[in-house]
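All remarks here apply to the structure that follows.
Remember, it's 1-based here, ligands and their atoms both numbered in the order they're listed. The structure displayed is predicted, hence computed values, not measured ones.
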Amino acid sequence: MTLTRASAVGTISATISENPSFKYSGSEALRRRAHAAIPGGAHTYAKGDDQYPVEAPGFIAKGLGCHVWDTDGNEFIEYGMGLRAVSLGHAYPAVVSAVSKHINLGSNFTRPSPLEVECAEQLLSLVPGAEMAKFTKDGSSATTAAMRLARAFTGRDMVALCADHPFFSYDDWAICTTPMNAGIPPSTARLTLTFRYNDLASVAALFAAHPQQIAAIILEAEKEVPPAPGFLAGLRVLCDRNGTLLIIDEMITGFRWPDCTAQRHYGIKADLSTFGKALGNGFAISAVVGRREIMRLGGLDHNRDRVFLLSTTHGAETHALAASLAVMDVYRHEPVIETLHKQGLRLQTGIEAAARRHHLGGQFTLAGQPCNLVYACRDRDGAASQIFRTLFLQEMIRRGVLAPSLVVSYSHSDLDIDRTVDAVDGAFAVYRKALDEGPDAYLVGRSVQPVFRRRAED
Ligand SMILES: Cc1ncc(COP(=O)(O)O)c(C=O)c1O
């Protein structure tokens with residue numbers, strides 16, 4: 001079947017067949033060099049080889065809209081796109097043109113650029129209760145900065161993070177809670193506590209066990225599971241009662257959730273919050289924003305001890321700020337949030353119908369807001385299965401869809417979604433047979449593995 005589609009970024013012709021027998025010889029050669037030069041073969045674990053089946057594109061050479069091409073020239077519809085950073089689409093024209101303009105004007109000077117002010121003001125106008133902002137390049141640095149601010153503001157050492165949310169930062173205070181905690185001193189790990197999502201009692205228990213010691217609690221307002229009635233409001237009350245700051249990590253929810261931020265959507269006010277990912281549509285920009293009283297500790301107009309708040313050589317490169325301004329402009333003037341929701345719903349409806357057709361309701365489940373769909377694969381007994389996840393990924397890739405998640409972008413057209421549902425239908429037929437007959441005859445090579453595991457061979 002040959003399709004030609006008009007996307008948000010122009011016309012892309014895509015040759016799509018049920019089983020295109022993609023070749024990966026270019027990827028294979030590059031993979032050997034990558035593993036010799038880079039620990040893990042990639043600079044981001046979530047993009048690494050152990051996250052994908054053996055038969056998979058190893059390296060992406062270019063992207064346009066929601067389509068990507070690997071180094072062998074194979075074309076895929078992509079989901080998740082840059083670990084959810086590219087919410088508008090690859091090479092999105094409004095963003096590319098803003099970035100190009102500023103690259104040609106120089107990207108880093110000895111004094112700040114006016115874009116720093118403009119971008120901060122624009123972001124603050126979108127986040128309820130936020131009075132000051134500071135930018136940096138990645139989400140981890142932003143959440144770590146929020147932690148340092150909270151510790152300085154409260155004069156306390158302990159922090160608590162939500163154990164059901166997998167990733168807040170690559171820094172010690174967060175990674176110490178994962179099985180991949182080598183290199184982190186126990187003295188650091190002792191300062192990080194954990195609580196459970198939608199479980200106010202688990203938060204109250206921390207406050208009871210560590211009175212006047214917890215500087216901040218951090219969580220995403222929503223992940224796959226929506227907040228239970230009263231949970232977020234209850235957290236606010238518990239934090240206020242205990243003099244602890246509430247930090248909402250909007251790295252994923254920001255510029256994706258209904259109402260643009262989860263805080264606005266659920267009517268909850270954080271003391272500090274963190275943004276990244278979609279803020280730059282793939283360009284490196286992130287931010288910590290929050291109440292003036294707290295944020296100003298990083299400034300010059302107070303007599304308390306100063307907090308070293310996110311000062312870095314590349315923190316305010318003009319092209320990244322220009323990208324972010326262009327992103328916010330698109331969000332202001334176009335129905336981005338509505339489209340993410342609508343296309344996610346179209347995908348969800350199609351996939352759930354396919355799952356029913358193949359009697360896979362118990363084995364393949366979708367979760368999350370339509371704008372942020374993830375899936376779980378289970379075996380015959382209903383146990384979570386990395387083998388069946390690998391098989392599903394493999395069968396989707398064979399059908400021209402790269403889908404570690406089912407997170408849509410503004411560039412996923414109706415045709416892309418329908419094409420994906422067709423691919424899912426084909427993948428489900430194989431999934432069904434593998435459930436009935438065992439996966440060995442269907443899966444090529446080893447299974448994928450979770451990122452956070454102690455040993456590579458665990
Ligand atoms: C919720 C959340 N917070 C923080 C981060 C860290 O962001 P970065 O990878 O840009 O350092 C991530 C990254 O995946 C995230 O999902």
- Message: Parallel, tilted or perpendicular: which one describes the rings of H319 and F283, with boundaries at 30° and 60°?
- Response: perpendicular
- Message: For Y375 and F364, take the angle between the two ring planes, folded into 0 to 90°, and tell me which bin it lands in: parallel under 30, tilted 30 to 60, perpendicular over 60.
- Response: parallel
- Task: Output yes when a side-chain donor or acceptor of H412 lies under 3.5 Å from a complementary backbone atom of E78, and no otherwise.
- Result: yes
- Item | Any donor-acceptor N or O pair under 3.5 Å, side chains T420, Y79 | yes
- Message: Looking at every non-hydrogen atom in both residues, tell me the closest pair between I337 and C260 and how far apart they are.
- Response: CD1-CA, 3.9 Å
- Query: Under a strict 4.0 Å criterion on non-hydrogen atoms, which protein residues are in contact with ligand 1?
  - Reply: D138, G139, S140, F167, F168, E220, D249, M251, I252, K277
- Examine F76 together with H67 and report whether their ring centres are nearer than 6.0 Å. no
